[in-house]
Chemist: 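Supplied in structure tokens, the structure appears directly below.
For the single chain, residues carry numbers from 1 onward in sequence order.
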Amino acid sequence: MAQLTVGARQWAVPFGSNLLDALNGAGYAVPYSCRAGSCHACLVRCLDGMPGDAKPEALALDKREQGWRLACQCSVNSDLVLELFDPRRDGVAATVSELAWFGDVLRLRLLPERPLRYQAGQHQVLWCGDVARPYSLASLPGEEAFLEFHLDCRRSGAFCDRARQLQVGDELRLGELRGGALHYDPDWQERPLWLLAAGTGLAPLWGILREALRQGHQGEIRVLHVAHSAEGHYLAQELQALDGVTVELVLAAQLDEALAGLKLMSRRTMALVCGAPASVERFARRLFIAGVPRNQVLADVFTEHA
């Protein structure tokens, strides 16, 4: 048996136990959303001893050097002294500055207590009380003082249920800022850029699209957004107002037909796709058939959250 210590409390757990399960089983209610090392809500800090880590690359090197680990990816192989992530102590305060509903999509804008450096396409862990969830940043870094997030609240969930009760002036806490799979590279300026999104998968692509325009992108830009209903095209007006951008708003029932219409004009095309796993798989399959090289398709998959 290994000894786990958190603050003044110590208890024994079997060797090889999953650290997240051991903590939650002891009543600590460490939050998590994915159990895959992707949401980063289950951060813990090792003060003495180190657990086995199945996914060390999931955390930035500086965080690991400070002792931080993702509890869901760790196994208890020795005695450990731990400190749980405390959003009040370890997070950054941010005030709700704007709330706008587009059907079941909430556009949430936050003003952080200090400016944050980030890049379009990155993810931010948001804490609402003791509930945490990662969301893609949709704001344009360096130009917008607020941080913008698009929350799909069609289904009930711990975070969305709380988000529905938010009011302007409420405080949230910002956890870890993570590098997403999507970004804009200035070297792409002359290349066609295809952005394919399902639902709120549009959020990071909205930031990346505007970053590309800010940097003077010269190649073709094509945006395809799929939604379950016309109301789900929550950025339709903003997208269609952009000069030099071809926008296709597609209902889910017509997605196969729309994807079949993707005709590759250049093998240098870069494609960025984002959404739920099934949508991303459909996007990627069609892009492959259309002839976009695999190494030119960047994908960010949204996991299901409670």
Side-chain angles (χ1 to χ4, degrees), residues 38 102-105 107 120-121 123 136 138 150-155 180-185 187-213 215 217-305:
S38 135
F102 303 88
D104 290 319
V105 174
R107 184 179 68 194
H123 306 162
S136 295
H150 302 161
L151 283 60
D152 183 351
C153 296
R154 284 182 302 152
R155 300 183 181 89
L182 306 178
H183 65 280
Y184 180 74
D185 189 325
D187 290 341
W188 300 344
Q189 283 197 349
E190 305 295 329
R191 307 173 73 166
L193 181 63
W194 288 3
L195 307 175
L196 282 65
T200 53
L202 185 57
L205 298 183
W206 175 238
I208 289 169
L209 168 60
R210 292 183 297 148
E211 180 64 32
L213 294 173
Q215 296 201 28
H217 188 85
Q218 299 299 307
E220 169 203 18
I221 300 180
R222 184 173 187 172
V223 177
L224 186 152
H225 182 227
V226 58
H228 291 284
S229 66
E231 193 177 45
H233 295 301
Y234 62 95
L235 286 183
Q237 185 174 350
E238 289 88 343
L239 285 168
Q240 292 168 337
L242 297 174
D243 292 332
V245 179
T246 300
V247 178
E248 296 177 67
L249 304 177
V250 179
L251 295 179
Q254 284 79 48
L255 179 56
D256 287 338
E257 181 181 352
L259 292 178
L262 291 176
K263 306 298 182 184
L264 191 68
M265 304 302 293
S266 170
R267 290 277 294 177
R268 300 181 69 239
T269 297
M270 293 299 304
L272 278 59
V273 304
C274 188
S279 297
V280 168
E281 183 179 351
R282 292 171 75 181
F283 290 154
R285 186 186 308 120
R286 183 61 210 179
L287 290 168
F288 175 75
I289 293 172
V292 181
R294 290 185 184 276
N295 65 349
Q296 291 168 209
V297 178
L298 306 183
D300 199 350
V301 180
F302 283 5
T303 55
E304 295 293 332
H305 298 271

Chemist: Can you tell me how far CG of L224 sits from CG of L202, rounded to the nearest 0.5 angstrom?
Modeler: 10.5 Å

Chemist: Before giving the answer on side chain to side chain contact (heavy atoms under 4.5 Å, CB included), spell out for L209 and V223 the whole-Å C-alpha distance, their side-chain angles and the decisive distance to 0.1 Å.
Modeler: CA-CA 9 Å; L209 168 60; V223 177; 4.1 Å; yes

Chemist: Locate the shortest heavy-atom distance separating G201 from C274; write the atom from each residue and the value.
Modeler: O-CB, 3.3 Å

Chemist: Nearest 0.5 angstrom please: D300 CG to I208 CD1, how far?
Modeler: 8.5 Å

Chemist: Over all heavy atoms of both residues, which pair between H123 and S136 is shortest? Give the atoms and the distance, please.
Modeler: CD2-OG, 3.4 Å

Chemist: Mark yes when over 12 heavy atoms from residues, nucleotides or ligands other than F288 sit less than 6.0 Å from its CZ; otherwise mark no.
Modeler: no

Chemist: If you compare all heavy atoms of L239 against all heavy atoms of V247, which two are closest, and at what distance to 0.1 Å?
Modeler: O-CG2, 3.7 Å

Chemist: Of all residues at least two apart in sequence or in a different chain, which pass the side-chain contact (heavy atoms from CB on, under 4.5 Å) check with A290?
Modeler: none

Chemist: Dump the intermediate steps for side chain to side chain contact (heavy atoms under 4.5 Å, CB included) on L242 and I221, then the final yes or no.
Modeler: CA-CA 11 Å; L242 297 174; I221 300 180; over 6 Å; no

Chemist: So which heavy atom on T200 is nearest to which on Y234, and how close?
Modeler: CA-OH, 3.6 Å

Chemist: May I ask you to check whether over 12 heavy atoms, not counting those of E257, lie within 6.0 Å of atom CD?
Modeler: no

Chemist: Under the rule for side-chain contact (heavy atoms from CB on, under 4.5 Å), what residues qualify as partners of H233, not counting sequence neighbours?
Modeler: H225, A227, A236, L249, L251

Chemist: Should the pair D256-R282 be classified as a salt bridge under the 4.0 Å nitrogen-to-oxygen rule?
Modeler: yes

Chemist: Is it true that a side-chain atom of Q296 and a backbone atom of T269 form a donor plus acceptor pair closer than 3.5 Å?
Modeler: yes

Chemist: Any chance you could lay out the side chain to side chain contact (heavy atoms under 4.5 Å, CB included) test for V105 and E231, step after step, and finish with the verdict?
Modeler: CA-CA 9 Å; V105 174; E231 193 177 45; over 6 Å; no

Chemist: Please list, one pair per line, the donor and acceptor atoms closer than 3.5 Å that link side chains of residues 187-196 to other protein atoms, with sequence neighbours excluded.
Modeler:
from, atom 1, to, atom 2, distance (Å)
Q189, NE2, Q215, O, 2.4
R191, NE, R268, O, 2.8
R191, NH2, R268, O, 3.2

Chemist: Of all heavy-atom pairs between L205 and A197, which one has the smallest distance, and what is that distance?
Modeler: CD1-CB, 3.6 Å

Chemist: Show, in sequence, the C-alpha distance, side-chain angles and deciding distance for Y184 and H217, and conclude whether the ring-ring contact (aromatic ring centres under 6.0 Å, His included) test is met.
Modeler: CA-CA 10 Å; Y184 180 74; H217 188 85; 5.7 Å; yes

Chemist: Tell me whether R210 contacts the main-chain N or O of A138 through its side chain, where contact means a donor paired with an acceptor under 3.5 Å.
Modeler: yes

Chemist: Supply the atom-to-atom distance L259 CG to E248 CD, rounded to the nearest 0.5 angstrom.
Modeler: 9.0 Å

Chemist: Given L272 and F283, is the side chain to side chain contact (heavy atoms under 4.5 Å, CB included) satisfied, shown in steps?
Modeler: CA-CA 10 Å; L272 278 59; F283 290 154; over 6 Å; no

Chemist: Give me the atom names and distance for the closest heavy-atom approach of P204 to L182.
Modeler: CG-CD1, 4.2 Å

